[in-house]
Amino acid sequence: RALESLLAAAAPWQIMAGKLLGVGGVSLLILASWLGSSAALSLAVPEGGLAPAIIAELGRPELLLRAAVIYCLAYSFYESITVALGAMARDSASAQNLARPMFASLVIVFFVALSTAMGGIPPAFSGLLYVPVFTPFLLLLHPVGAVSWAVELSILILMAAVSFPIAWFAVSRFELQENSPLLFRSKVPQG
């Protein structure tokens, strides 16, 4: 009953904000543990390698700020998509079915970004930087200065601009129904 009362008292935008902040906190905890384990690894293996190079770069505040902005925008973009998909579902099973293609796409995006990091971005794929789904991964793989600040700022603004209508869609799908045992359902189009 306490959950029903909370959901009945919360506005749709508050539900969306709670989802973003809750999952974001877990995400930041995971990120902090990765960075902490990298730091510990660099102390254990002082000769060369990836971990000491990453730790050395963490000492540059402009890189940390750039990575933090990219991370926050990427998180809000992908989490808005996830919440929007969940809002379209009628139950947990359909939400999982709707989310599967998104997560498969994320794996593909990750491996495309990883392959470009190893062998450089092929000219045929250079435009992927301007596609919001690829933007955060590819921006983080480009060294600072490889993309002009004006282009980098404009594609980050594009990614944020795409996030807002997705988040608005998710928020607009939430509604409370009086006869529901949970008092919380997503809107189902009436046909």
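Heavy-atom basis, side chains included; hydrogens, waters and symmetry copies ignored.
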field: Nonpolar side-chain network containing Leu21, other nodes, edges under 4.5 Å
entry: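 Noted: Leu21 shares its cluster with no other residue.
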[X] and [Y]: same hydrophobic cluster, using ILVMFWY side-chain contacts below 4.5 Å?
X	Y	value
Leu85	Ile108	yes
Phe137	Phe103	yes
Leu28	Ile30	yes

message: So, using salt bridge (Lys or Arg N to Asp or Glu O under 4.0 Å) as the criterion, who are the partners of Glu79 when residues are at least two apart?
response: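 Salt bridge (Lys or Arg N to Asp or Glu O under 4.0 Å) list for Glu79, sorted by chain: empty.
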field: Ile81 CD1 to Ser105 OG distance, which is reported to the nearest 0.5 Å
entry: 9.0 Å
query: Nearest 0.5 Å, what's the CE-OG1 distance between Met102 and Thr82?
result: 3.0 Å
List the atom pairs, donor and acceptor, that lie under 3.5 Å between side-chain atoms in residues 128-136 and the rest of the protein, sequence neighbours left out.
residue	atom	partner	partner atom	Å
Thr135	OG1	Leu129	O	2.8
Thr135	OG1	Val131	O	2.9

field: Residue pair Gly24 / Tyr75: nearest heavy atoms and the distance that separates them
entry: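 Answer, listing the atom of Gly24 first, then Tyr75: N-OH, 2.7 Å.
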message: I'd like to check the side-chain contact (heavy atoms from CB on, under 4.5 Å) partners of Ala167; sequence neighbours left out, ordered by chain and number.
response: Met16, Ser80
Side chains of residues 146-163: which donor-acceptor partners sit under 3.5 Å, not counting sequence neighbours?
residue	atom	partner	partner atom	Å
Ser148	OG	Val151	N	3.3
Glu152	OE2	Arg66	NE	2.7
Ser154	OG	Ala150	O	3.3
Ser154	OG	Val151	O	2.8
Ser163	OG	Met159	O	3.0

- request: List in chain and number order the residues that pass side chain to side chain donor-acceptor pair (under 3.5 Å) with Tyr71, two or more places apart in sequence or in another chain; answer none if no residue qualifies.
  value: Ser27
